[in-house]
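Below is one structure, written out as structure tokens, with a few remarks after it.
Numbered from 1 within each chain, the chains take letters A, B, ... in sequence-line order.
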Amino acid sequence: MAAERNDVEALIERGYEHGFFTDIESDTVAPGLDEDVIRLISRKKQEPEFMLEWRLRAYRHWLTMSEPTWANVTHPPIDFQSISYYSSPKSRDDAPKSLDEVDPKLLETYEKLGIPLHERAALAGVAVDAVFDSVSVATTFKDRLAEEGIVFCSFSEAVRDHPALVERYLGSVVPHTDNFFASLNSAVFTDGSFVYVPKGVRCPMELSTYFRINAANTGQFERTLIIADEGSYVSYLEGCTAPMRDENQLHAAVVELVAHDGAEIKYSTVQNWYPGDEEGRGGIYNFVTKRGECRGDDSKISWTQVETGSAITWKYPSCVLRGRNSIGEFYSVALANLRQQADTGTKMVHIGENTRSTIVSKGISAGRGQNAYRGLVRIEKGAKGARNYTQCDSLLMGDRCGAHTFPYMEVKNPTATVEHEATTSKISEDQLFYCLSRGMSAEDSVSLIVNGFCKEVFKELPMEFAVEAQKLLEVSLEGAVG
Amino acid sequence: MLQIADLHVRVDGKEILKGVDLEVSAGEVHAIMGPNGSGKSTLAHVLAGREGYEVTRGEVRYEGRDLLALAAEERACAGVFLAFQYPVELPGVNNTYFLRAALNAMRRHRGEEEISAMAFMKLVRERLRVLHMDQALLKRPVNVGFSGGEKKRNEIFQMAVLEPRLAILDETDSGLDIDALRDVASGVNALRSAERAMVLVTHYQRLLSHVAPDFVHVLNDGRIVKSGDHKLALHLEEYGYAGVGEEAALS
């Protein structure tokens with residue numbers, strides 16, 4: 001196996017394909033964080049008073065907090081004063097009305113990433129709210145959505161055009177005091193996406209946002225808020241890649257979902273941020289708070305994530321099942337290769353009667369990657385007849401990586417049913433030889449086996465995303481044989 | 001088609017094959033029989049290119065090429081097929097998808113276009129009929145939850161679709177009930193042709209009563225100790241391997 005292992009390492013260690021950055025003039029504030037910076041952000045964004053107040057409350061609370069240390073990850077201390085908290089493309093005042101007006105260099109960047117925005121959006125019927133650095137520069141399909149009364153816009157626009165909705169829902173799922181990174185986000189977030197689907201409306205297309213991190217040393221603090229009113233349905237896709245940089249880039253996003261009576265939200269993520277080099281230098285730190293609340297009866301929130309990038313992933317998309325008969329789902333594929341560290345999982349908090357949750361987690365560890373599943377299933381006193389099913393599988397490639405599982409269960413109602421299944425396996429030599437002996441290359445064989453392992457999750461993704469996710473895994477893992 | 005000369009193979013430092021000579025021509029069916037531990041499966045694996053087998057002496061030529069110099073997938077693409085004694089489970093990998101990926105890998109290797117989904121399904125249905133295989137198996141993950149008989153049928157089914165020039169069947173008859181054995185045998189017989197050679201590795205002669213081999217070889221302690229026609233298999237069935245070994249040792 002010696003020769004083969006070398007090939008494997010060569011493949012594992014090959015460079016990040018999306019490593020480049022676009023030279024666009026940025027309007028960036030000096031590094032550092034204090035109340036003046038927060039006032040400046042709020043002023044630049046021409047926010048109403050309630051937003052500034054909320055940001056300052058979050059900031060003051062954040063000052064009393066310390067960074068969490070319980071995750072199974074290690075990194076040098078982050079100097080929050082060395083980060084620049086605001087950056088926007090220069091030409092902000094005359095923001096483009098259509099793609100024709102968008103900086104061609106920016107479009108070129110999307111091309112390199114394999115995201116031909118104009119074609120893709122039209123062909124795939126996907127409305128794209130492209131976030132480049134911190135300010136949205138292109139939005140499509142707005143009219144079509146407006147016909148249905150659906151609001152899909154950048155967070156800044158929502159603050160300007162729908163302040164009542166923002167004020168009512170912002171922080172109602174992830175409060176400004178929630179955790180260290182969420183509080184920081186609440187204080188300094190610059191933009192993100194906002195979706196409101198009115199009563200009884202089924203959103204006619206998948207909503208999609210592509211995130212990019214570009215300007216050096218600029219932490220990106222996204223804020224996403226999705227509200228599905230009674231009996232509505234929406235499917236939201238989030239996909240990211242980032243250019244190669246030497247500095248560690250902090251990303252601390254917050255996503256809040258609210259589902260009212262009978263509403264359903266499907267939130268899918270494919271994340272491919274720069275994982276760092278083989279020594280772990282330069283990758284993205286991804287500290288994300290994602291939480292959805294099934295506020296109404298018979299509502300449903302489903303998270304599907306494919307996490308292949310970032311040096312560190314700290315992320316637990318969760319569901320608070322408040323409404324009776326509400327349903328929470330979490331489907332995850334997390335890959336840790338090179339020296340990547342992933343500590344990810346979910347929380348399912350059952351409050352209402354007959355609430356149900358399903359957790360399917362697939363962790364893949366290769367290279368020197370460390371992959372941890374951390375999950376909490378909490379059944380509150382009133383959650384009569386609540387049910388949870390958890391399946392947690394780990395796949396190891398090579399002998400220098402690790403897989404860890406930290407399941408927590410708190411059951412306070414005797415009528416609840418909680419199931420947990422876990423497996424850890426390796427790609428066996430038998431499986432590999434079986435594929436090879438049928439004429440497939442080692443790369444194709446591994447990708448076939450890994451895709452098989454992830455199938456239960458991939459089938460939850462919308463079609464075009466599933467294809468992208470498979471491709472991403474192939475690129476990230478080709479030949480990773482152990 | 002296949003020439004094995006003085007093949008010595010070591011596994012984990014232990015010599016398993018101690019000088020195997022064998023010649024197989026197109027159109028022939030050879031049976032290699034022998035007691036447990038005689039090296040039958042080692043021979044099958046070495047021919048298919050499995051890692052972990054150290055060839056210390058001898059050579060194997062396949063259609064004039066040095067077979068041992070080729071990687072496992074190159075051998076498969078060159079027309080060598082191994083039907084596994086223990087077919088491997090691939091959770092989540094659809095059986096039909098797997099087979100099509102295999103066929104397309106081979107077609108690409110030959111510089112042919114990939115087969116269309118329509119043409120592939122037609123081919124699959126044709127081949128299924130011969131084997132009396134349940135259509136439902138196509139949609140299931142490769143070998144996952146298959147019974148022993150289903151796994152073996154699936155191997156022969158793969159062989160029927162991939163149409164190798166040299167097929168090596170490693171203990172395909174073991175663990176089969178009578179119906180499955182008959183189906184597997186009819187699958188094998190359907191594939192016999194003037195261009196194709198087969199090597200049946202087996203412990204018992206039960207498959208050989210359905211698939212009459214042209215030649216039977218007895219492998220014992222890493223060497224072929226006796227060769228003959230199909231009557232040799234019947235002899236072995238009656239008298240066992242012990243006699244053959246002694247006989248060879250005496251001669």
Side-chain angles (χ1 to χ4, degrees), chain A residues 1-8 306 331 333 360-364 391 393-395 421 423-461 466-467 469-470 473-474 478-479 481-482, chain B residues 44-54 70-95 97-110 140-144 151 154-155 157-159 161-164 166-168 170:
Chain A
M1 288 296 279
E4 202 161 293
R5 175 147 294 173
N6 287 337
D7 294 345
V8 169
V306 177
Y331 298 95
V333 168
V360 177
S361 164
K362 304 280 182 177
I364 303 161
Q391 184 192 329
D393 300 321
S394 304
L395 187 68
E421 284 179 25
T423 66
T424 301
S425 56
K426 282 190 134 187
I427 288 189
S428 69
E429 272 183 51
D430 285 342
Q431 287 178 323
L432 192 63
F433 177 58
Y434 194 61
C435 295
L436 293 174
S437 78
R438 297 299 179 255
M440 289 175 233
S441 68
E443 290 180 2
D444 289 350
S445 303
V446 169
S447 118
L448 189 83
I449 294 164
V450 171
N451 276 319
F453 175 75
C454 300
K455 187 158 189 188
E456 284 163 282
V457 174
F458 285 167
K459 74 177 170 44
E460 297 297 325
L461 288 171
V467 172
Q470 286 197 13
L473 265 196
E474 276 166 33
E478 274 171 348
V481 185
Chain B
H45 282 145
V46 168
L47 293 177
R50 180 156 196 154
E51 300 272 337
Y53 295 85
E54 188 194 349
L70 301 178
E73 65 271 28
E74 293 170 330
R75 298 183 199 192
C77 288
V80 178
F81 179 88
L82 173 66
F84 281 54
Q85 181 180 4
Y86 303 108
V88 180
E89 298 187 0
L90 301 175
V93 180
N94 175 282
N95 210 18
Y97 180 84
F98 175 77
L99 194 50
R100 192 169 162 216
L103 183 60
N104 279 331
M106 293 178 186
R107 289 174 73 105
R108 278 197 304 274
H109 183 85
R110 294 194 296 258
R140 290 191 9 212
V142 180
N143 293 323
V144 176
K151 284 183 180 174
N154 199 31
E155 293 292 292
F157 168 58
Q158 290 180 8
M159 176 168 86
V161 170
L162 298 176
E163 300 184 303
L166 172 64
I168 303 153
D170 188 8

State which residues pass salt bridge (charged side-chain N to carboxylate O under 4.0 Å, His left out) with Glu74(B); sequence neighbours excluded, sorted by chain then number.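 Once residues adjacent in sequence are excluded, Glu74(B) has no partner under the salt bridge (charged side-chain N to carboxylate O under 4.0 Å, His left out) criterion.
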
Any residue meeting salt bridge (charged side-chain N to carboxylate O under 4.0 Å, His left out) with Lys362(A), in chain and number order, not counting sequence neighbours: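 Applying salt bridge (charged side-chain N to carboxylate O under 4.0 Å, His left out) to Lys362(A) gives Asp393(A), Glu456(A).
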
Need one label for Phe433(A): side chain, backbone, both or neither, based on atoms under 4.5 Å from any heavy atom in chain B.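 Backbone plus side chain of Phe433(A), per the 4.5 Å heavy-atom cut-off to chain B.
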
Can you tell which part of Leu162(B) gets under 4.5 Å to a heavy atom of chain A, answering side chain, backbone, both or neither?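 Side chain only.
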
For Arg75(B), is it the side chain, the backbone, both or neither that has a heavy atom under 4.5 Å from a heavy atom of chain A?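 Neither part.
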
Using a cut-off of under 4.5 Å for heavy-atom pairs, which of Asn104(B), Val93(B), Val80(B) has the most such pairs with chain A?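 Answer, by heavy-atom pair count under 4.5 Å with chain A: Val93(B).
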
Considering only heavy atoms and a distance below 4.5 Å, find which of [options] pairs most often with chain B.
options	value
Phe453(A), Tyr434(A), Phe458(A)	Tyr434(A)
Lys455(A), Met440(A), Arg438(A)	Arg438(A)
Ser441(A), Ser425(A), Gly439(A)	Gly439(A)

Asn143(B) (side chain) donor-acceptor with Val88(B) (main chain) under 3.5 angstrom: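 Between the backbone of Val88(B) and the side chain of Asn143(B) there is a qualifying donor-acceptor contact (under 3.5 Å).
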
Can you check whether Pro91(B) reaches Gln431(A) side chain to side chain, under 4.5 Å on heavy atoms?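 Yes; the side chains approach each other to less than 4.5 Å.
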
Contact check, side chains of Pro164(B) and Met159(B), non-hydrogen atoms, under 4.5 Å: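 SC-SC contact between Pro164(B) and Met159(B) confirmed.
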
State whether a side-chain donor-acceptor pair under 3.5 Å links Tyr86(B) with Asp430(A).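 Note: Tyr86(B) and Asp430(A) side chains miss the donor-acceptor criterion.
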
